[in-house]
Every structure is written in C-alpha cells, then in structure tokens.
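Here is the structure we will look at, set down as structure tokens.
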Amino acid sequence: MKKNPVDMHAKPNVQVLERMFQLIDVLASKEESVSLKEISERTGLHPSTAHRILNDLTIGRFVDRPESGSYRLGMRLLELGNLVKARLSVRDAAMAPMRQLHKLIQQPVNLSVRQGDEIVYVERAYSERSGMQVVRAIGGHAPLHLTSTGKLFLAADDPQRVRAYATRTGLPGHTRNSITQLATLERELGKARQYGVARDNEELELGVRCMAAGVFDDQGQLVAGLSISAPADRLDDGWLPKLQAAAHEISLALGYTTGQRTSLSGTA
C-alpha cells in the first residue's frame, strides 16, 4: 500500500517550530492562563527557552500575557481561524450555485475574498468548451479599488478606513479606466452601497468588465464576493438578477437571514 505523504505524527524539520507547536498545544489544553513554570514542566523545555519563544509569539499576537509569568492563546489565532473557517465554508457553499450560474450565462463565475488591501480568487466555475472567456486563476490577487468584489469590501468599510486605504496604497492604476482619485472612488462606493452590487469597467484589465454581488454570513458580515467576468462587449446587465440570486443562495447557506442588516448597506 502506498504510504500517505502527509504524516500527522511527523515532526517539523525546524526545532524551534516543534517547540512552538508544543507550547501552543499546552496553552490550548487550558481555558485559563498557564504559568511559565507549568508550561516548562509539561513541555520539558527549559524556562528560559519557553520564555523566549513565548515572548516572540506574544509580539505576533499568537499568545497573550495577561499578567507577568502567565500565558494564554492570543487573538491572532482566533482571527486566522475565523478567516480559514470563512473561506472553507464559503467555498463549500458556493460551488453548486456557481456552477448553476455558469450554466445559465456561459461565462466564468469567480468567488473572491479580501486579504488585506487585495482580493484573492478562491474558486471559479467555467468551461473550456464555452469559447473565449475571461478566467481568473485561483490564488490570483488584485487591488481592492480596481475590482468589482474589492469595491464591495471597500463599500463595507467606514469612510475613515477607505481614506486610510487610499493613503496607504496610493490608488495605483492599471489601465486608463482605473480609478486613481479618492473622490471618484468614494462616489463609486456610494453606488455599491445603494445598489448592493459593484462593477469593474475595464479598470483592472482593458477589454474585461466585471460585476459582483456580496456574500454574507450569519452575522450579516460581507465575507466574499461573487462576480462575473466577461469580455467588455459581452457583459450583459440581464445577468445581474441571476448573479444576485446566486450570491443570496450562498449567503443563506452560511446562515444569513433574508431581511437581515448587512455590513455593506446597513439595510436588508
């Protein structure tokens, strides 16, 4: 029998990573904070070694130090765990509606999530038999302000965060249609909030237009965007109700309730 290449009991090649995993496992086994002495005893690590690694983990917010000499798991782990959970559950919930939407419109359908100042494409539905199509590679990324899904995420931010994004990134352009001025971007985001959808009018790539609708979780938070990409002369506004229906179906599968307030518009 062929051996599974993933050995759940294999040890990391880097010793400090092995020790870090040991420390995290000890902290995960207790609801309350754990003293350095107990951590050292349970891991077999010298207190100075454990202290040094825990201090680095604290800097990265993977570990918290509620008081001197005691430790507990940090919020960064919760943030990352929620991010992974959201992406995995969104992908699972999205596949069937994405395939159905693709069958209806015969153009690629993309699922994207936010990662910092960019969106990342995490899933797609397309057919190589459908002729010329605009296909986004899974794992590809793009600036928020140049994409339809990215605009949805910016529209869900408050104005101060949008201004901070503009200052931080400088709003670089990729084409002559790219939005590179904050005032123009703010007007575009106002439309996204009003209509619940966003568009990319050849702003990321000449000859390509996109439209996106939001996917929301059980808290009404925007967790992903469902978009259609097509050659600029083929994008059909008649697809919009179908896109919104597919995004709504995915949201319902994630626990969203019809009529619930959302982070995008604040209204149903």
Side-chain angles (χ1 to χ4, degrees), residues 1-95 110-124 136-144 149-150 153 157 161 164-165 168-170 172 215 217-219 221-225 254:
M1 180 181 294
K2 186 176 180 180
K3 185 177 179 180
N4 189 330
V6 180
D7 184 351
M8 296 302 292
H9 301 287
K11 292 185 177 182
N13 292 324
V14 181
Q15 187 181 55
V16 69
L17 291 179
E18 179 184 356
R19 291 174 172 178
M20 181 184 72
F21 295 154
Q22 286 180 290
L23 294 170
I24 290 176
D25 284 342
V26 169
L27 297 180
S29 69
K30 291 291 191 74
E31 293 185 6
E32 67 277 5
S33 59
V34 187
S35 69
L36 179 60
K37 179 181 178 182
E38 182 178 352
I39 293 171
S40 176
E41 291 174 349
R42 295 185 61 180
T43 60
L45 297 176
H46 191 277
S48 63
T49 300
H51 178 267
R52 185 173 64 253
I53 299 174
L54 287 166
N55 186 61
D56 287 344
L57 290 171
T58 300
I59 293 173
R61 296 175 54 237
F62 293 95
V63 168
D64 287 338
R65 185 165 45 211
E67 57 187 24
S68 180
S70 67
Y71 301 85
R72 65 188 179 195
L73 294 182
M75 292 300 295
R76 182 60 178 154
L77 288 171
L78 178 63
E79 293 168 1
L80 293 175
N82 285 339
L83 184 62
V84 172
K85 176 184 175 183
R87 289 180 183 176
L88 291 176
S89 60
V90 169
R91 288 179 69 181
D92 291 343
M95 283 311 302
N110 313 294
L111 183 72
S112 312
V113 299
R114 182 175 186 170
Q115 184 172 312
D117 291 338
E118 298 181 314
I119 62 153
V120 178
Y121 298 95
V122 295
E123 195 54 82
R124 65 187 181 188
R136 301 300 186 191
I138 294 176
H141 51 88
L144 295 174
T149 291
F153 278 102
D157 280 346
R161 287 181 177 272
Y165 167 83
R168 188 167 59 248
T169 64
V215 173
D217 65 10
D218 59 335
Q219 301 299 312
Q221 295 298 309
L222 180 68
V223 294
L254 296 177

Query raised in the report: Is it true that Glu79 and Arg61 make a salt bridge, defined as a side-chain N closer than 4.0 Å to a carboxylate O?
Result: yes
Query raised in the report: How far apart are the C-alpha atoms of Gln115 and Glu118, what are their side-chain angles, what is the distance that settles it, and do they pass the side chain to side chain contact (heavy atoms under 4.5 Å, CB included) test?
Result: CA-CA 5 Å; Gln115 184 172 312; Glu118 298 181 314; 5.6 Å; no
Query raised in the report: So, Thr149 and Arg114: side-chain donor and acceptor under 3.5 Å apart, yes or no?
Result: no
Requested in this report: Please lay out, stage by stage, how Tyr71 and Asp64 fare under the test side chain to side chain contact (heavy atoms under 4.5 Å, CB included).
Outcome: CA-CA 6 Å; Tyr71 301 85; Asp64 287 338; over 6 Å; no
Report task. Nearest 0.5 Å please: distance from the CG atom of Leu57 over to the CG atom of Leu23. Result -> 7.0 Å
**Report entry** Spacing of CG belonging to Leu36 relative to CZ belonging to Arg65, to within rounding of 0.5 Å
**Finding:** 10.0 Å
Query raised in the report: Does the pair Met20 and Leu17 meet the rule for a side chain to side chain contact (heavy atoms under 4.5 Å, CB included), with working shown?
Result: CA-CA 5 Å; Met20 181 184 72; Leu17 291 179; 3.7 Å; yes
Query raised in the report: If you look at every heavy atom in Ala93 and Leu254, which pair is closest and at what distance?
Result: CB-CD2, 4.0 Å
Report task. Before giving the answer on side chain to side chain contact (heavy atoms under 4.5 Å, CB included), spell out for Leu27 and Arg72 the whole-Å C-alpha distance, their side-chain angles and the decisive distance to 0.1 Å. Result -> CA-CA 6 Å; Leu27 297 180; Arg72 65 188 179 195; 5.6 Å; no
Query raised in the report: So, the side chain of Ser40 versus the backbone of Lys37: is there a donor-acceptor pair under 3.5 Å, distance only?
Result: no
Requested in this report: To the nearest 0.5 angstrom, please state how far the CD atom of Glu38 sits from the CD atom of Glu41.
Outcome: 7.0 Å
Report task. Could you grab the distance from atom CG of Asn110 to atom CZ of Arg124, nearest 0.5 Å is fine? Result -> 9.0 Å
Query raised in the report: Which pair of heavy atoms, one from Ala94 and one from Leu111, lies closest together, and at what distance?
Result: CB-CD2, 3.7 Å
Query raised in the report: Has the side chain of Asp217 got a donor or acceptor atom that lies under 3.5 Å from a matching backbone atom of Gln221?
Result: yes
Report summary line: By salt bridge (Lys or Arg N to Asp or Glu O under 4.0 Å), Glu123 pairs with (sequence neighbours left out) Arg91
Report summary line: The salt bridge (Lys or Arg N to Asp or Glu O under 4.0 Å) partners of Asp25 (sequence neighbours excluded) come to none
Report summary line: To the nearest 0.5 Å, atom CG of Leu77 lies from atom CZ of Phe62 at 6.5 Å
Query raised in the report: Quick one: does Thr49's side chain have a donor or acceptor within less than 3.5 Å of a partner on Leu45's backbone?
Result: no
Query raised in the report: Can you tell me how far CD1 of Ile24 sits from CG of Leu54, rounded to the nearest 0.5 angstrom?
Result: 9.0 Å
**Report entry** Atom CD of Glu32 with >12 non-hydrogen neighbours under 6.0 angstrom
**Finding:** yes
